[in-house]
Amino acid sequence: MKRNMIKLAAGAAALLMMATSAEAGYTMKKKVGDIDTKLIFYGFAQLDAIGGEGMQIKKAGSVDKANTNIGFRAQRIRLGWKYVAGKLRGKVFLDFNQAATGNGKDASGDAIPKLVKDAFISYVFDPAFVVKAGLIKMPNGMGFTMPGWNLDIAERGMDKQLVLERNTGLMISGRDMFLGNNGKVNGFEMGHERPWKGFGYDIMIANQASRSKAVAKGSGGDAATAFGGNSYVVRGMFDYTEKLHIEASYALSENADSEDALTTNGVNYSNINLGLDSNLGKLSIKAEYFDASNIKGVEGYDEQAATVTAAYFVTPTLEVVGKHIQASAIKGTGANTTNLGNTYLGLNIFISTPYQDFSRKAKRMRNQHKVVLNYIVASGSGATEGAEKFTGLSGYRADAWIAQYQFKF
């Protein structure tokens with residue numbers, strides 16, 4: 001055991017000594033024949049203190065202790081690596097805050113443990129044609145495809161429950177098209193990581209979206225319940241530098257009730273997502289909309305969610321943020337429509353400021369070391385019970401607060 005620990009420490013020391021870039025992790029380079037290769041090692045962690053009545057009665061992701069006034073959690077503890085060899089790419093990303101025992105074989109047949117967030121290979125034929133295969137974020141939801149360390153607030157909001165999540169499948173993508181040669185396409189893109197000019201697209205086919213909260217899980221791991229359908233996403237986008245990004249996607253997961261796994265008679269879950277992102281120096285603005293149908297394969301179980309976010313840098317080390325999410329849900333044909341609003345009021349305090357300007361790149365780099373303070377105000381159905389109780393997938397039904405410490409390398 002001691003010998004293995006010494007080897008691990010020596011390997012980590014060697015990795016850091018060979019580092020050539022701290023902006024995107026730490027990089028090792030090696031020549032293999034005529035091909036230059038590199039391995040990038042990176043990670044981040046988010047540690048939260050949480051409290052308020054909303055944390056106790058939240059439908060999903062609560063502390064689940066009625067007498068808890070304050071609780072603590074590690075929202076994400078992630079470590080990953082990227083490999084580059086010519087036009088070939090590979091990525092593995094792990095979250096040590098997730099179970100390592102697997103999803104179990106549900107209706108998608110996906111037994112990859114939730115510990116594994118990303119595990120894919122890609123090949124960059126051209127910036128307009130990149131092929132990825134493996135476990136990948138499905139290109140559905142502008143906010144969801146932004147990295148978890150680059151959020152405006154301490155967590156993803158209740159609208160995140162409507163995406164198709166990560167999945168195992170095949171995706172083709174293109175970026176920086178028609179008005180091109182303005183940005184670098186590296187083959188790892190999941191959203192709009194860098195500013196450029198032109199159009200982009202993603203098309204993905206995968207297993208049934210078993211990691212999505214909007215899709216019911218299968219009842220077992222035998223052949224009778226495995227591979228109950230596929231999921232599909234098509235997304236298009238347009239960028240004009242960092243001042244304007246717009247995107248739209250359509251997503252579908254077959255047999256979302258997982259009851260009739262080997263037929264095509266099940267009800268499909270689907271959603272439409274629209275997103276806008278604009279960085280205007282000290283000010284940034286985002287807006288997003290979901291229209292989701294047949295949640296968990298229930299005919300007429302629909303939810304709509306709209307979000308608006310505004311963030312402004314008062315100084316290079318202090319940003320004020322406001323984000324409002326407004327959702328409405330109807331759980332089945334003839335049911336009452338219920339409503340819920342969550343408003344995040346927050347401060348981002350940046351401990352490390354490697355850049356003093358307010359470009360999108362500079363803002364991202366500030367997120368390497370920060371403290372996030374959020375107060376969440378619940379409105380609408382709130383804690384109301386009975387017919388008026390909010391029937392959507394998630395959301396705070398009473399006020400809550402989060403204090404978060406984040407570091408990234």
Side-chain angles (χ1 to χ4, degrees), residues 107-108 110 120 128-133 135-146 156-175 177-178 189-193 198-216 228-239 244-258 264-277 286-307 325-330 392-394:
S108 73
D110 182 2
F120 64 83
F129 188 71
V130 179
V131 178
K132 297 186 183 79
L135 178 61
I136 316 168
K137 270 188 178 182
M138 298 201 77
N140 175 223
M142 182 183 75
F144 171 65
T145 53
M146 292 179 181
R156 300 194 191 278
M158 58 181 170
D159 54 324
K160 185 261 183 182
Q161 311 299 326
L162 301 174
V163 306
L164 289 196
E165 251 285 352
R166 288 169 162 89
N167 210 337
T168 305
L170 178 69
M171 181 163 70
I172 60 172
S173 303
R175 297 289 190 274
M177 299 164 57
F178 304 126
E189 288 81 15
M190 292 189 179
H192 59 293
E193 289 83 350
F199 293 87
Y201 73 93
D202 300 289
I203 302 171
M204 184 171 179
I205 176 173
N207 294 332
Q208 191 180 52
S210 61
R211 294 196 181 194
S212 173
K213 296 293 185 182
V215 177
N230 290 111
S231 58
Y232 310 87
V233 179
V234 177
R235 175 170 68 173
M237 61 184 70
F238 174 77
D239 288 77
L244 177 64
H245 168 84
I246 54 175
E247 68 175 65
S249 66
Y250 174 75
L252 181 146
S253 186
E254 297 175 330
N255 299 329
D257 58 0
S258 298
T264 57
N265 297 326
V267 178
N268 301 331
Y269 168 71
S270 64
N271 75 62
I272 295 171
N273 175 260
L274 305 173
L276 179 148
D277 186 354
K286 298 182 179 70
E288 191 167 2
Y289 175 74
F290 273 99
D291 187 353
S293 302
N294 304 328
I295 294 169
K296 296 185 182 294
V298 177
E299 190 81 47
Y301 184 7
D302 303 334
E303 183 174 348
Q304 293 80 40
T307 74
I325 310 170
Q326 187 66 42
S328 64
I330 179 168
L393 283 175
S394 183

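- Checking side-chain atoms of Glu247 against main-chain N and O of Phe238 turns up no donor-acceptor pair under 3.5 Å.
- Ring orientation note: the planes of His245 and His192 are close to parallel, at an angle under 30° on the 30°/60° scale.
- In plain terms, the two heavy atoms of Asn268 and Asn255 that are nearest each other are OD1-N, 3.1 Å.
- Between the side chain of Tyr201 and the backbone N or O of Ala128, at least one donor-acceptor pair lies under 3.5 Å.
- Here Gln326 contributes atom CD and Thr307 contributes atom OG1; the two are 11.5 Å apart, rounded to the nearest 0.5 Å.
- Taking CG from Asp302 and CG from Asp291, the interatomic distance works out to 7.5 Å, rounded to the nearest 0.5 Å.
- Applying side-chain contact (heavy atoms from CB on, under 4.5 Å) to Tyr301 and the options Ile330, Leu393, Asp257 leaves one that passes, Leu393.
- Annotation: cation-pi pair Lys137/Phe144 present, NZ/CZ under 6.0 Å from the ring centroid and within 45° of its normal.
- With Asn140 contributing its side chain and Leu164 its backbone, the two residues share a donor-acceptor pair below 3.5 Å.
- A donor-acceptor pair under 3.5 Å is absent between the side-chain atoms of Asn294 and the main chain of Val267, judged by distance alone.
- In this structure a side-chain-to-backbone donor-acceptor pair under 3.5 Å is missing from Glu299 to Gly297.
- No donor-acceptor pair closer than 3.5 Å links the side chain of Gln161 to the backbone N or O of Ser394.
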*Going through the checks in order, is the side chain to side chain contact (heavy atoms under 4.5 Å, CB included) test met by Asn271 and Glu303?*
CA-CA 9 Å; Asn271 75 62; Glu303 183 174 348; over 6 Å; no
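- If you take CG on Asp159 and CG on Asn273, they are separated by 8.5 Å, rounding to the nearest 0.5 Å.
- Heavy atoms only, all atoms of each residue included: Glu254 and Gly229 are closest at OE1-CA, 3.4 Å.
- Salt-bridge annotation for Arg175 and Asp202: present, with a side-chain N of the basic residue lying under 4.0 Å from a carboxylate O of the acidic one.
- In summary, the side chains of Arg235 and Thr145 do present a donor paired with an acceptor at a separation below 3.5 Å, with no hydrogens or angles considered.
- In terms of modelled atom types and a separation under 3.5 Å, the side chain of Lys296 and the main chain of Lys213 share a donor-acceptor contact.
- With hydrogens and angles disregarded, a donor-acceptor distance shorter than 3.5 Å links the side chain of Asn230 to the backbone of Ala206.
- Ser212 contributes no side-chain N or O that, together with a main-chain N or O of Ala209, makes up a donor-acceptor pair within less than 3.5 Å.
- Side-chain contact, Ser231 with Asn167: a donor N or O sits under 3.5 Å from an acceptor N or O.
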*Can Lys160 and Glu165 be said to form a salt bridge (charged side-chain N to carboxylate O under 4.0 Å, His left out), step by step?*
CA-CA 9 Å; Lys160 185 261 183 182; Glu165 251 285 352; 2.7 Å; yes
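- The backbone N or O of Met204 sits nowhere less than 3.5 Å from a side-chain atom of Lys132 that would complete a donor-acceptor pair.
- Taken to the nearest 0.5 Å, the CD1 atom of Ile136 stands 4.5 Å off from the CE atom of Met171.
- The structure places CG of Leu252 at 10.5 Å from CD of Gln208, a figure rounded to the nearest 0.5 Å.
- At a threshold of 4.5 Å between non-hydrogen side-chain atoms, the residues Phe120 and Leu135 do not count as touching.
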